[in-house]
Structure formats: structure tokens, C-alpha cells
Asks: 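Take a look at the following structure, please.
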Amino acid sequence: MGQVFKPVDTRISFPGQEEEILGFWKSEKIFEKSISSRKGGERFVFYEGPPTANGNPGIHHVISRVFKDVITRYKSMQGYYVPRIGGWDTHGLPVELEVEKELGFTSKTDIENYGIDRFNAKCRESVFKYLKEWNAFTDRIAFWVDLDNAYITMKNSYIESCWWAIKKMWDDGLVYKGYKTAAHCPRCGTSLSSHEVAQGYEENTVDPSVYIKFKLTPDSISRIGITEIAEKPVYLLAWTTTPWTLPGNTALAVDASARYALVEIDGYIIIAAQKLLATLELSDARKTGEISGQSLVGLDYEPLYNPHEFGVDRMRFKAGSSELEKQPETDKLNYHVISADFVSMDDGSGIVHIAPAFGEADFEAGKTEALDFVQHVDLGGKIIGNYNFTGFFVKDADKIITRDLDDRGLLYRETTITHTYPFCWRCSTPLLYYVKQSWYIRTTARKDCLIDLNQEINWYPDHIKNGRFGDWLQNNVDWAFSRERYWGTPLPVWCCEKCGSFDCIGGIEELKSKPGFSGFDGEIDLHRPYVDNLTYTCKCGGLMRRQTEVIDCWFDSGNMPIAQYHYPFDNNTLISDGRFPADFICEAIDQTRGWFYSLHAISSLLFNSVAYRNVICLGHILDEKGEKMSKSRKNVVQPKVIIDKYGTDAMRWYLYTASPPGQPRRFSEGLVGEVMRQFMLPLWNVYSFFVTYANIDNYNPVKSGHTSPVAELDRWILSELNDLVAKVTSDFDGYDPTSAGRRIEAFVSNLSNWYVRRSRRRFWKSENDEDKIAAYDTLHNCLETLSRLLAPFTPFLAEAMYQNLVLSVNPQAPESVHLASFPQADTTVIDNELAASVQLAIRICSLGRSARSQAGIKIRQPLSTLTVLLQSPGEEERLNRVKDQILEELNVKQVKVALNREELEKEGLNLSSDNLYAVGVDTRITRELESEGLAREIVRRIQTLRRQADFDIADHIVTWFQADQRIEEVMEEYRVYISRETLSDNIVNAEPDEQGYSENFKLDGHPVVLGVKKQD
RNA sequence: GGGCCACUAGCUCAGUUGGUUAGAGCACAGUCCUGAUAAGACUGGGGUCUCUGGUUCGAGUCCAGAGUGGCCCA
């Protein structure tokens, strides 16, 4: 007779099973069907944040992908239509750097000499260098995403959508050319991204620390209005660690609300912050006056170096903007004191030297105060003009400038300082903060919109919303989105060589239709250098040439909602037809300023809409010591190692349940192993147990149907099950798979350690009575429901269980668990009172075992009475309800309720208590109890022999025994019981058959020989 | 230097709106149970809930400050 269910081995190899299931999914196109079969359902939009395939995927890629997967699988099973388009990020500096490394390049000159066309061709190859690995990895971790139709940011159609978006912003007046401060490597000749800068901070950098005297004009001295000082020269004392920036000084900043002192030394007066006098070794005794910072504001001082005398241009900010205008040479040039909120009273002199061409704060001050702008350093870090330090590298110029100022009597003090300073991560050259031209998106013009729309987004964890992300939006600055690089979406801005006017192009056809369009050579590749050759004629008749910049690759990925569909050139209903915005995205926290921002900014500016409604923001993965994983620390865990050993499901389960998604989490092989032992195996064993016995009894769930059971145990676990389903559903709806998973763990523990443990005998009874069927029904129901609950989490394990538990008996059911629907809770069977009763039983049993253990009496030995002290008389009813469970579990003949503590403290009772309950067991063993205990001992010995002899569970046997009189008595008295328990058709008091399996024991000091043999 | 998050047993984590004696798993030691179990139960050792103040009748929980770690920004 064929078995209903496929036998389930407890010695399962999960990784092996997963490989098989992958084959099934692939051949039957289960992923495709999981989408298409829900086509009529409500759409649930997911956006995939594109990775770059130029390196091997790591564990941090696993975590974001499995969190994306668990939600989209859940929604699919809820009946939503959830297409999932993959994506690849293919542009940007990281790609270029990888290629530069490969080619051994160290500067942009190397690239240009090599040829932009060849270089970009290399980049194009590089971005899919590990495509095979990525595809295999995605498959193996069961991240269901459509990679065949993935969007690719370097495709013409994708780029064209980006051009369209930029053009729309351009038309809305949101794109402009301005200046910005960039961390610049003078040796590599390029700006570094903030990410690169962060890599290169050196903690113990020694730099000069110089205090410079800036001479006030006579007019300003009289404006201070302190007559005693009128005859003497007066200097403002300012501090800097970068003397090379001093020729670029165009202002001094003070704190208007602070007090400043005038101190006399050597016949002149120095002004510095009152608070900092001591650190400046300025004697309070020589103080000749005090003045507010406010009254310093507006005073004029003489430039250290008048740029006009050294052949350097002097520019000036147009008020409030980052545009600069060249200023005429003047006979007399004075700079003035401004007020600023960044003036520190902790170090320096309380007066800050401002060089708007260098440094963020200086630049911003330059903009708001419409200051002069003097750029006396070239991009190679060398001083220009005709100073006596011209041609020197800035760091070498420091000393010469300091000497020069000293010679002119303008140096007050010179020491050194040890601080943290950024260096180029590639070549260790000190970085310079350098103001350069750049193209901007005027996000600040829509700042309120960015902030308001953020309120519509559900952030998990929610503190990101008004915390890290909200702060970032509050401090929004215009997006400097151009890059002086090669491999990227080209900036679609053309400039007239003749009249200098700009034009933005929003698509290929638009470009082609321009008058005098030329440079087009067959197929257009919208990359440099080909796109650089496309020109047309300006209205003025001049030649329009593209600006050479490419754009920030964050713009590429942030524009994916439309660019993946080539909107608006194709799919022009995209914005209104339900495919925008996303219902859900999920990435790690570093994307706050990356993808989360670029998506949000672009859709806010283009469509005045959020780009995503719900976002899970993951913490980073750390090693088992809590340290960041990095190649240099050699603590990187390879996902493959884990998967080969424990399988994808165990790894996924660990990632979901170990800690809430927002927290950084530790990861190691051992922790996944724990998941295996603690969750996967017990569940698998329950499943295996069910199948083993169901097959013996030829149980078929379809024939029996899941009826409403009467047994309390069944009703209890079904109550727990439905409660679980309800709560897991609400956890999922709140984007909290971690809580959902932990709940399932608790349920499985209840199922295994109470339901199955307490129900074992029901499955073992030989009669096929109603209770037994009810038990099978209940357990089958639990396991089948679990398979669907677990499907989003552990898709393989769930599939294996579902195939066997459902499809073996019902070929009409959906062919995969991932095509089935998510369980629905039947809240009518949730019985909280019953749950509380069983909770009580579990607790009392725990105390009972403890009491027995302390008395040294094993469970096999029956005892007469268990006395329980409850919290309240009302609990007695609860206790009665589960009394039978307690009797069996603790192997006692009766349970009594004690009314007070004294009753418990009678003789012969062994006590155990927790903070709510107390129990006592009567430890007196009568001869009858002893006999029964011995009988159970004999049963256990025979069972062990059966197992050692490798008999099947259902095999019937003959048992032989030889023993003393006491054991013979027990054997006689319990013959029926022993026979039934051990499936012994015959028990013979004789020497064991030689062909059988036998052993000698001592039971409580009584010598016994036992033998077993299979019955033919 | 600024912001966000975290800090509970050796390790990984729970701990609801403040309320008896702060819990679980792993690991360690011992005992027990078991024809589902690679498991489970019990006992034991192991806690200044990072620290210092404050609010309160009462603080792991709320507030302030400090420390350590992580991330982000400078």
C-alpha cells in the first residue's frame, strides 16, 4: 500500500533540499506564476534599489534583499499583484575607480591620455563583471525579483528619462550653475566624494597653528571710540592652521554677542576675545579696554596681500547667490569684519579668518555677506600669481608665508597643532577644500515640499523620519549634481561658444531636431565621448557644445521610478496608473543621504509626490564582536559559507529574528547554527513526527476534513494558531517581520514542547478512534498553516512542508506554497481562557518537575499526590480544566488544591515555588507505586532495545525476560500494559532467542535479562 | 565638533502604559525525560539593568548630564 505522505527524514540536509526546490521553482516558473496569478489583485509597488555588479555580493546585500523579499512575498500571498523589477546601478565614480585601479591609473590625465572612449568601454564591461555571481546569489537566497527585465542605468532609454527629468527641472528654473566647496585632491586633480573623504581622515596630523595680526584702518580705529588707543596701531588677532589660505583672506568674522578685549603690547593694541586672553598669553593687566563683538562688525582692515598687487583676480559674490563677478582693480582695498555664528570661543582668538575660496563655512559667509573672492591656488595645489611663494605647493608655502608675515610684523605667535585632517585615500595627499564651479539642482526652493511630503512616509524604524532623514531635509542645501568625470549620464546642457548662453536638452529627438545638429554617427551612444561631439547652432549663430560634466549617479538611481519605464517617452500614464509611487522600499541606513534622498528629492521636484510610502531602513551588519566588517580587518563573512553549511532559510530566519531591522546586528556562522538547532530542527522534527505516524495510520486530511475538535489540547493549539495568524498578519502590515518571526518561534516551541509532547500517546493508540483523527487533523492543520505563514520567511522549508502536507493529498491545490494564499485567522476559535489554563498547566508542571528533581525522584516513578497553591480561588476552575494534562505529565495519581501555605508544608511533601505559585509532591512510594514505576522502567528498556535493534516503529515483537521474583511479579501484573506499549505479541519468561537482540540490566538493583525479536 | 541609535547574565536578545523577587536562548556543570527530536525538562553558577543626578510612594522603563560603541555629517 502506498503511503499518503512522503517519508520525512529527521537527518535532513537543508542546503541539499533547497537546491532541489530551486530546480522546481525554475522549471515550473513559480516566481512568474506568483506574480501573474495575482494579476487581478490590487497592485503593490516595490522599487528595487540597484546595486552595482562590479564586486562580489556580500552579507550586507543579503540582508536588504531578504527583507525586501519577505514583504513582497507576504503581499503576494495576500493577493496583491506585486511585480518586482530588478535594477543595476552602472555609473559613477566607484566604477571608474575600479577601472583606474585595474589599469594602474592615478589621475584624470591618465584617463584622458588613454582615451575616454576606451576608458568608458572598460567601465561598461566592469559593471557586469560579477553579473553571473550576482544572478546566482540572488537565486540562491531566494530573492524573487525579475532580473531578466532589470533596468540598467547606462541604457540610452534610461539616460533619456534622466535628461527629460533634468529638462523639466530646468524649465522650472531649478537648475543653475554655481560654486561649491569640494574636497579636492591636488595630485589626482579631482574632487572626492564625501564617502571617499571619510575614508581618509588621519587623526594625528600635525599642522601649523599661527596667529596673525590684521591691521585696522585709522578710520576704523577712531570708530571704536576709545581715545587712549587713538595714537597706536590696532590689530585684530586671527588664528589659522592653513597659512596658505591667508592670501585668499577677504574678511574676518567675530561673534557679535561676545566681548572682545583690547590689550596693549610693545606699543600696539591687539583685539581678541576676552574669554581667550589667557590661552593667548595676553595679560589682563595690560588691557586698555573692552568692546562688544557687535561694535567690531563693519570695521575695515588692510588686506595681508592685495590680490591686485600679485596678479590675481578679485571676484565678488552677487548678493545671496553663488555667482561671482570680477571686480576692478582699485587703488585702495580694504576688507571688513563680519558677524558669524560659527565663531568658536573654545580655541583660536575669537576672530576667524575668512577665505571664501577655501572651505565650506567661508564660502557660505562669502555668499551671504557678498564678500570678495580670491582664488590664488590652482587645481594642482600650487600658488599662482607673482608672490614670493608663487609656484610652491600650498603645504610648502605655509612656512614662506609665515616668514613673510613675520618679517612684516604681522605674526603674533606660531606653534603647531595636532588634529584630524582628511587625506586622499588613494595617494595620501592632504586634501584641500576648494571652491569650484558646479551645476546645482535648487532643492532649497522646494524645501518645504520635501519636508511636508516626508510626513506622508512611514519610516521603520520611525525615528528616522524626523530624526536622521528629517534633519537632513531641514538642513537641505542645493544638490550639486555635476561631476567632472567620464562614466556617467552626461549632463544635458549645451553652451554656446560665442554668446555663452545655456540650453538644456530633454530627449534624443529634441536634440536631433536642433538647427545645425551634427556629430551624429549612426547609432547614438549617450555617453562620453560620443555625446560630446553632438553640436548644433545657437540662436546667435554660434556653436552649441555640451558642457563636459556627467551627473551624480545618485540622480540616476533616484530617477528609477520613471527611468525604468522610459517615461514619458513610453508608459506615459505611469504617474497616474498606479505604478507610482512605490508602496515599499527597503535599504540600509546609509541610504538616508543616498537613494532615500535622491528618490524623494526627484519625485518631489518633478511630481510634488512622495516616491515611496513605506520604507524599512536597515541597520548595518557587524561581525560577531560588533565590529564593522571590512576587507582590511579580515572579518568579512561570506554568505556562501553560511548557505553551504546551513542553507538560505536558516540565514534568512536569523536575519529576520535576531534583532529589529533598524538595529545594527551581529552576524556569525555560530549564530545561524543556533537558529538551526533552536527553530528549524524542532519544527522539522514535529513535521517528521506527524508524517511518520500519519503514514502508519494511513491518515488522510482530505478524507477526514478539518473538523472542529473537542479535545482541550486540540482546541488550545488551534486557539494559539489563530491568534498567531492574526498577530503575524498585523505585524506584517506594520512592516515588522521581526516580531512576526519571533511569534512564530514561540508558537513552534509551544507546538513541539507542549502540544506534541502531550499528544504523543494519542497518535500511538492502536485504535483509529475519533480522538486520534482529531489529533492528526489538528497537527496537520498547524503544520499546513505554518507552511504558509513561513513561506515569506523561509521559502524553501515552507515549500517542502507544503508539497508533502498539501499536494500529496490534494493535487488540485496550488502547485506551490508561494501560489497559495496567506492564512486567515479564525478569531472565533481564539479562547483566551483556555490559553490561560494551559499556561497555568505548563507553569505547574515546571514547578512539579522541579520539586521531583529536588527530591531525586524521576518522572517514571508514579507518585500519589501533587498539591498546588494557587494565586486565587478563582483559578481552581482553570486548574481543573487541565488537570489530566498535569497528572500525565508529572506522573501523579491526583492533584489537590491547597488553601494556604501551611497546608503545603506538611510532612512528606517536597516543595517548589515561583513568585506566583507553589506546589508540593508527596514523595512517599508505596509498593504498588513502586511496581508501576518498575513496569515503566521495563517498557523504556524494551523500547531502547527495539531502537537499538533498528526495528520499525510499527513492528510487532516477541519479548523474553529472565529476572528475580520481584520483577517477575511486576511482569505478570503489568503484562498487558507492557505488551501494548512495546507492541509485544508475546512476553516469554525464558532465555532470549539467540537470533534476537538482548541485554542485561539492573533495575533498581534487580538483575534483568531482556531480549526482543521481530515477529514474522 | 554636530546629529541619530544603542548600552539588561560570558554571548545573542525580550522586558507592553513606571508597580511584587528583571526574563528567554546559547555556552558551562550536574540530574532527568524520550520510539518525533541533531531536541526537550529541571537544578546550579552567572546581573551595580553603563555611570551620576533628578521626577515619583515606587524607575531597567520617564527627564537631564556623562561614558562607551555603531552609523551619518563636518
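Lettering follows sequence order; numbering is per chain, from 1.
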Asks: Between B:C71, B:G35, B:G25, which nucleotide has the shortest distance from any of its atoms to the side chain of A:Phe951?
Replies: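 Within the option list, the nearest is B:G35.
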
Asks: By side-chain contact (heavy atoms from CB on, under 4.5 Å), which residues pair with A:Asp723, not counting sequence neighbours?
Replies: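 side-chain contact (heavy atoms from CB on, under 4.5 Å) list for A:Asp723, sorted by chain: A:Lys727, A:Ile830.
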
Asks: Among B:C13, B:C26, B:U37, which is the nearest nucleotide to the side chain of A:Asn685?
Replies: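 Per side-chain heavy atoms of A:Asn685, the pick is B:U37.
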
Asks: Test ring-ring contact (aromatic ring centres under 6.0 Å, His included) on A:Phe690 and A:His780; report intermediate values, then the result.
Replies: CA-CA 7 Å; A:Phe690 168 82; A:His780 182 268; 5.6 Å; yes

Asks: Which atom pairs link the protein and nucleotides 32-34 of chain B when you take only N or O atoms and keep those under 3.5 Å?
Replies:
{"unit_1": "B:C33", "atom_1": "OP1", "unit_2": "A:Arg860", "atom_2": "NH2", "d": "3.3"}
{"unit_1": "B:C33", "atom_1": "OP2", "unit_2": "A:Arg860", "atom_2": "NH2", "d": "3.1"}
{"unit_1": "B:U34", "atom_1": "OP2", "unit_2": "A:Arg860", "atom_2": "NH1", "d": "2.0"}

Asks: What do the steps show when you test A:Glu981 against A:Arg936 for salt bridge (Lys or Arg N to Asp or Glu O under 4.0 Å), and what is the final call?
Replies: CA-CA 9 Å; A:Glu981 291 297 313; A:Arg936 283 188 60 152; over 6 Å; no

Asks: Mind checking if A:Ser846 touches a base, just sugar-phosphate, or nothing, with heavy atoms under 4.0 Å?
Replies: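 Sugar-phosphate contact only.
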
Asks: Any base atoms under 4.0 Å from A:Arg742, or only sugar-phosphate, or nothing? Heavy atoms, all strands.
Replies: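 The answer is sugar-phosphate, as A:Arg742 gets under 4.0 Å only of primed atoms, P, OP1 or OP2.
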
Asks: I need the single residue from A:Trp554, A:Trp459, A:Trp472, A:Phe469 that forms a ring-ring contact (aromatic ring centres under 6.0 Å, His included) with A:Phe596. Which is it?
Replies: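 It is A:Trp459, the one option of A:Trp554, A:Trp459, A:Trp472, A:Phe469 that forms the ring-ring contact (aromatic ring centres under 6.0 Å, His included) with A:Phe596.
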
Asks: Of the options A:Trp684, A:Phe14, A:Trp653, which is the one that meets A:Phe679 in a ring-ring contact (aromatic ring centres under 6.0 Å, His included)?
Replies: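 Only one option passes, and that is A:Trp653.
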
Asks: Listed by chain and number, what are the ring-ring contact (aromatic ring centres under 6.0 Å, His included) partners of A:Phe951, not counting sequence neighbours?
Replies: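 If we apply the ring-ring contact (aromatic ring centres under 6.0 Å, His included) test to A:Phe951, skipping adjacent residues, there are no hits.
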
Asks: Using the test salt bridge (charged side-chain N to carboxylate O under 4.0 Å, His left out), find all partners of A:Asp731 that sit at least two apart in sequence or belong to another chain.
Replies: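 Listed in chain order: A:Arg743.
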
Asks: Counting any heavy atom closer than 4.0 Å, what does A:Pro660 reach on the DNA or RNA strands: base, sugar-phosphate only, or nothing?
Replies: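 It contacts sugar-phosphate atoms only.
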
Asks: Would you say A:Tyr693 places a side-chain N or O within less than 4.0 Å of OP1 or OP2 belonging to B:A36?
Replies: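 A:Tyr693 to B:A36 OP1/OP2: side-chain N or O found under 4.0 Å.
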
Asks: With respect to the side chain of A:Asp471, which nucleotide from B:C26, B:A36, B:G3 is positioned closest?
Replies: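 Given the options B:C26, B:A36, B:G3, the side chain of A:Asp471 is closest to B:G3.
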
Asks: Which string of ( ) [ ] | and . matches RNA chain B, if you list each base 5' to 3' and count Watson-Crick or G-U pairs only when both distances are under 3.5 Å?
Replies: (((((((..((((.....[...)))).(((((.......))))).....(((((..]....)))))))))))).

Asks: Name the closest nucleotide to the A:Arg468 side chain, picking from B:G70, B:A14, B:U37.
Replies: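 Shortest atom-to-atom distance from the side chain points to B:G70.
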
Asks: Just compare B:A36, B:G35, B:C13 and give me whichever is closest to any side-chain atom of A:Val756.
Replies: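 Nearest listed nucleotide: B:A36.
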
Asks: The criterion is salt bridge (charged side-chain N to carboxylate O under 4.0 Å, His left out); which residues satisfy it with A:Asp552, sequence neighbours excluded?
Replies: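 With neighbours one apart ignored, the set is A:Arg483.
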
Asks: Taking atom P in both B:C62 and B:G69, compute the distance separating them and give it to the nearest angstrom.
Replies: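 Approximately 24 Å lies between the P atom of B:C62 and that of B:G69.
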
Asks: Using a 4.0 Å heavy-atom cut-off across all strands, classify A:Ile12 as base, sugar-phosphate, or nothing.
Replies: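 Base contact - A:Ile12 has a heavy atom under 4.0 Å of at least one base atom.
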
